[in-house]
Amino acid sequence: MSDTSVIDGAAELLTKQTSRRRFLRDSAVTAFVAGVATACKPETKTATAAQAPAAGQTGGTMGAHDTAAGSATAAADAMDAMHEKGIKAFPAKTAGKGNQLFAPRMDNGVKVFELTAKKIQWETEPGHFVEAWAYNDQVPGPQIRVREGDRVRLVLHNNLPESTAIHCHGLELPFDQDGVPFITQPPVKPGETYTYEFTAPNPGSHMYHSHHNAAKQVGMGLLGAFVVAPKRPNARHRADVDYVMIINDSYHGYTLNGKGFPATEPIVAKKGQTVRLRYMNEGQMIHPMHLHGMHMTVIARDGWDLASPYKCDTVNVAPGERWDVLVKCTNPGTWALHCHILPHAESEHGMFGMVTALVVQG
Amino acid sequence: MSDTSVIDGAAELLTKQTSRRRFLRDSAVTAFVAGVATACKPETKTATAAQAPAAGQTGGTMGAHDTAAGSATAAADAMDAMHEKGIKAFPAKTAGKGNQLFAPRMDNGVKVFELTAKKIQWETEPGHFVEAWAYNDQVPGPQIRVREGDRVRLVLHNNLPESTAIHCHGLELPFDQDGVPFITQPPVKPGETYTYEFTAPNPGSHMYHSHHNAAKQVGMGLLGAFVVAPKRPNARHRADVDYVMIINDSYHGYTLNGKGFPATEPIVAKKGQTVRLRYMNEGQMIHPMHLHGMHMTVIARDGWDLASPYKCDTVNVAPGERWDVLVKCTNPGTWALHCHILPHAESEHGMFGMVTALVVQG
Amino acid sequence: MSDTSVIDGAAELLTKQTSRRRFLRDSAVTAFVAGVATACKPETKTATAAQAPAAGQTGGTMGAHDTAAGSATAAADAMDAMHEKGIKAFPAKTAGKGNQLFAPRMDNGVKVFELTAKKIQWETEPGHFVEAWAYNDQVPGPQIRVREGDRVRLVLHNNLPESTAIHCHGLELPFDQDGVPFITQPPVKPGETYTYEFTAPNPGSHMYHSHHNAAKQVGMGLLGAFVVAPKRPNARHRADVDYVMIINDSYHGYTLNGKGFPATEPIVAKKGQTVRLRYMNEGQMIHPMHLHGMHMTVIARDGWDLASPYKCDTVNVAPGERWDVLVKCTNPGTWALHCHILPHAESEHGMFGMVTALVVQG
């Protein structure tokens with residue numbers, strides 16, 4: 001599924017809902033019914049009944065109450081308008097897209113990935129630009145996917161004003177390929193090129209990132225996914241959609257794959273399909289990722305299959321961790337998927353930051 | 001067991017201990033023996049022996065030492081008095097009690113829960129009042145318990161100055177019952193009433209809370225437990241006491257079920273009984289809940305039974321998570337149960353916040 | 001293996017690497033090859049090729065570019081020199097060593113551990129002294145190791161200016177030995193001695209620490225490991241090296257066993273050996289400990305064996321938790337082992353705080 005079709009699909013779905021919603025609200029006599037059909041019959045709203053407790057609450061005279069209620073309503077409407085605006089903008093277009101699948105160049109049987117680290121401007125949400133330190137102009141850097149046993153070469157061009165190095169986080173590499181300056185290699189100076197080469201070892205969801213002045217360099221964007229497919233995949237882990245979600249929280253605010261809501265990317269699947277989500281935390285805080293409407297089955301951590309998978313709806317992802325989950329998409333809808341540390345996801349101005357949606361098309 | 005008898009039982013137990021303690025301390029020649037009988041024989045304190053290292057520590061003359069030791073003792077006594085005062089006050093009475101079991105009204109086979117959201121004053125610890133946004137004047141809101149397959153109706157009356165909505169966190173509901181304004185429904189405006197209706201789906205320990213301006217609204221108290229009992233309970237999970245503990249940490253300070261120590265509620269069981277604790281985190285930080293004296297067996301997360309339960313004494317509960325544990329009450333005593341992020345539980349003024357006790361009556 | 005030989009071994013290994021590194025860098029025509037032999041052949045650096053994208057990046061004239069590149073290089077070199085200095089200093093000598101194995105005095109079949117709590121000066125990294133509140137002049141306090149069923153006596157001498165008490169965290173003790181002032185015992189006043197005595201109960205990785213004014217007293221250093229060996233050890237958990245790592249993060253900065261990098265202690269094993277790491281968190285934050293080069297198999301939490309062990313490379317340790325892992329040392333090298341909250345491990349001045357290494361000698 002192309003990125004464009006994903007975004008268009010979700011936008012269409014939300015537009016349909018919004019149109020129907022506007023109609024329903026404008027009709028003003030029946031409760032809102034969501035775009036996705038259900039067997040459920042919400043009761044009608046009864047404005048009259050509701051006014052009574054409101055009056056009881058303020059305890060003022062009816063006149064004073066009317067005025068207070070009027071200004072409260074106006075304030076509530078103003079806040080709601082901000083919330084609605086954000087949601088209607090989702091998925092918002094921004095310049096630049098990170099975490100794009102990285103097609104390697106083949107060199108005599110070796111998969112070669114050229115990575116150029118440099119400063120760029122990065123749009124995290126519409127109109128909000130930040131300085132980023134990026135691989136190949138992407139935050140996160142391009143998504144590397146190889147197969148266990150592949151010969152892999154990473155060629156790092158350092159166009160930053162600082163030295164750097166790449167550590168493949170989670171890969172059990174020979175010592176001199178581990179990417180820690182002054183321990184396994186010299187730092188890669190500004191203007192220099194450095195080459196790593198190894199055979200892809202232990203499969204799973206891994207990462208690559210700077211391991212030099214890393215609190216800053218990783219925070220600024222020098223990070224990406226490094227997924228090693230197993231030679232013998234576990235048949236129970238077959239998925240129709242395989243999605244990497246990299247969480248970050250430092251210099252660029254609260255982001256999922258380098259973007260904050262409403263510029264985050266929805267994940268789209270059809271009813272009955274299975275989605276594999278690979279959560280990776282490159283930030284400095286935990287982020288308990290919560291999915292609405294369906295549960296997740298946790299199948300792997302740090303790339304290693306769990307002998308005893310378990311179900312949950314909230315996966316607490318700590319810095320450096322990777323968690324793979326399967327979602328069996330049984331329930332149609334546009335399901336919120338967000339960090340449940342609420343100040344990472346919503347303010348009085350509406351949702352922002354670590355919010356996206358899993359769209360299950362009925 | 002009624003709430004009153006629980007509190008009175010714990011108070012009596014602590015009073016007994018305190019009385020005996022005072023006697024023992026006043027007698028001044030024997031070590032303190034707790035109110036709960038054990039086979040253990042602590043040695044006597046030897047004040048003379050203890051003075052020697054104290055003198056060695058200060059290294060002053062005996063006269064100077066005496067003065068320094070005197071003022072150090074006075075300061076220590078003053079601090080200890082504050083600590084003792086807090087513990088003697090436990091469980092302290094405060095106005096209002098949250099998380100009370102919610103008896104539904106039956107309407108033609110449907111269990112109806114009416115929830116009125118409004119601003120109240122809430123006493124978190126004796127004499128400390130905060131503004132709360134509460135369901136039915138309770139923080140947490142009343143505890144909803146239904147059975148898998150029950151038809152359930154939630155009627156929300158919004159008497160707040162802001163719009164709101166209820167999301168049933170963890171329940172796999174049809175899309176239009178999910179409670180996310182502008183995605184699954186319009187916001188419920190001040191003065192309005194909105195109705196949710198659904199069949200109770202996946203069993204387990206779940207929650208309900210606002211999903212509109214939620215960082216504020218949940219932080220202010222719009223939250224509660226939603227427990228769905230399974231049609232076929234797991235016999236190994238049978239418990240004599242079933243206790244929901246909702247953790248929160250934002251606008252109202254560090255609270256367990258809406259109260260800070262010493263106003264928190266003790267959990268009381270008899271020796272040999274099994275207690276099921278359902279931890280739920282509605283806050284913005286992790287809270288590793290630590291039990292003294294006995295271990296916990298973790299049996300479920302987010303309402304889903306674990307295929308492979310495990311034992312521990314510290315359960316790290318992240319925002320949005322629910323963890324169910326069993327405690328086999330083999331060890332009589334008043335066992336501290338607290339968040340092990342120590343600044344959430346104790347200051348120089350004594351214990352506060354996220355501290356309570358599991359009382360095992362011998 | 002004595003402490004001295006561990007440190008000397010690691011120092012020697014790093015010195016060898018540094019010497020070879022200096023040679024390799026000075027030769028300036030070939031990439032750095034680490035001291036540990038591998039089959040990997042890094043490509044040579046091509047400085048000419050690298051200059052081109054650098055020029056493209058700045059977009060200035062060649063003259064201006066040269067000047068800018070020159071000052072960028074100087075700044076990078078200055079930063080790198082700080083990073084290198086820290087790494088070359090590892091493992092740095094400091095006064096005092098915590099967590100030393102505590103040999104008990106035997107008294108009629110009872111293992112007696114005398115603990116004196118007092119204020120000391122503690123060197124966390126070279127030249128950086130802090131006030132510590134310590135047991136027996138060590139931070140962490142001396143490491144207690146007993147066997148399940150042993151009779152144990154802890155004699156606490158309080159030479160602090162405050163009252164205190166010892167709680168054995170994780171041990172299921174009789175109530176009056178639990179160490180919580182005003183609940184299970186009176187506080188132990190300045191100058192007093194207090195004695196605990198019990199039979200070592202549930203085996204595993206536990207801790208002892210103050211439970212009075214504990215946010216301060218534990219933060220200042222009143223803590224230590226309390227490991228209870230099982231009567232019947234699990235044969236699959238046999239290890240050649242058994243290492244306790246206590247994590248702390250409050251008054252003394254980010255420390256592992258009381259020291260910050262480069263004064264942290266490397267863990268040393270030979271290729272083919274198995275290392276058992278016992279992580280214990282006595283701090284106030286989570287610390288996801290990440291190991292390079294090899295995975296960890298998590299076998300126990302809070303001292304309790306897991307029925308279903310799992311593999312990972314990052315273990316998120318929350319306050320109060322203990323996690324036991326096995327590392328099968330298959331991969332020779334000096335492997336970084338650090339908290340993956342990067343600001344706990346690295347700044348622009350180089351690595352610091354929660355960083356050490358697992359040295360696998362080939």
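Residue numbers begin at 1 in each chain, while the letters A, B, ... track the order of the sequences.
- Of the listed residues (B:His344, B:Met79, B:Met294, B:His83), the one with the most heavy-atom contacts under 4.5 Å to chain C is B:His83.
- Taking every heavy atom of both residues into account, C:Ala318 and B:Ile286 meet most closely at CB-CD1, 4.4 Å.
- Looking at C:Asp302, its side chain does come within 3.5 Å of a backbone N or O of B:Thr314 through a donor-acceptor pair.
- Of all heavy-atom pairs spanning B:His290 and C:Gly170, the tightest one is CE1-N, 4.4 Å.
- Ring planes of C:His211 and B:His292: perpendicular class, angle over 60° (limits at 30 and 60°).
- Using bins of under 30°, 30° to 60° and over 60° for the plane-to-plane angle, the ring pair B:His295/C:Trp304 lands in the tilted bin.
- Contact count against chain C (heavy-atom pairs under 4.5 Å) is highest for B:Asp80 among B:Leu291, B:Val315, B:Thr330, B:Asp80.
- Between chain B and the options C:Met285, C:Arg322, C:Glu162, C:His212, the largest number of non-hydrogen pairs under 4.5 Å is found for C:His212.
- With respect to chain C, the highest number of heavy-atom pairs below 4.5 Å among B:Pro343, B:Gly350, B:Ser308 belongs to B:Pro343.
- Heavy atoms only, all atoms of each residue included: B:Glu346 and C:Ala214 are closest at OE1-N, 2.6 Å.
- The minimum heavy-atom distance between C:Phe175 and B:Trp335, with the atom names listed, is CA-CH2, 3.4 Å.
- For a residue to count as touching a neighbouring chain, one of its non-hydrogen atoms must lie under 4.5 Å from one of that chain's; by this rule B:Asn331 touches chain C with the side chain only.
- The closest side-chain heavy-atom distance from B:Lys88 to C:Phe182 is not below 4.5 Å.
- With no hydrogens or angles considered, no side-chain donor-acceptor pair links B:Asp313 and C:His206 at under 3.5 Å.
- Heavy-atom distances place the side chain of B:Met351, and not its backbone, under 4.5 Å from chain C.
- Of the listed residues (C:Asn213, C:Asp305, C:Thr199), the greatest number of heavy-atom pairs within a distance under 4.5 Å of chain B belongs to C:Asn213.
- Between C:Lys189 and B:Asp77 the shortest side-chain heavy-atom distance falls below 4.5 Å.
- Contact annotation for C:Pro201: neither backbone nor side-chain heavy atoms come within less than 4.5 Å of a heavy atom of chain B.
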For this session: Output, in order, the C-alpha distance, side-chain angles, deciding distance and verdict of side-chain hydrogen bond (donor to acceptor under 3.5 Å, both in side chains) for B:His340 and C:Asn281.
Result: CA-CA 10 Å; B:His340 212 281; C:Asn281 189 340; over 6 Å; no

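- Only the backbone of C:Leu173 comes within less than 4.5 Å of a heavy atom in chain B; its side chain stays farther off.
- Contacts between C:Glu282 and chain B at a heavy-atom distance below 4.5 Å involve the side chain alone, from C-beta outward.
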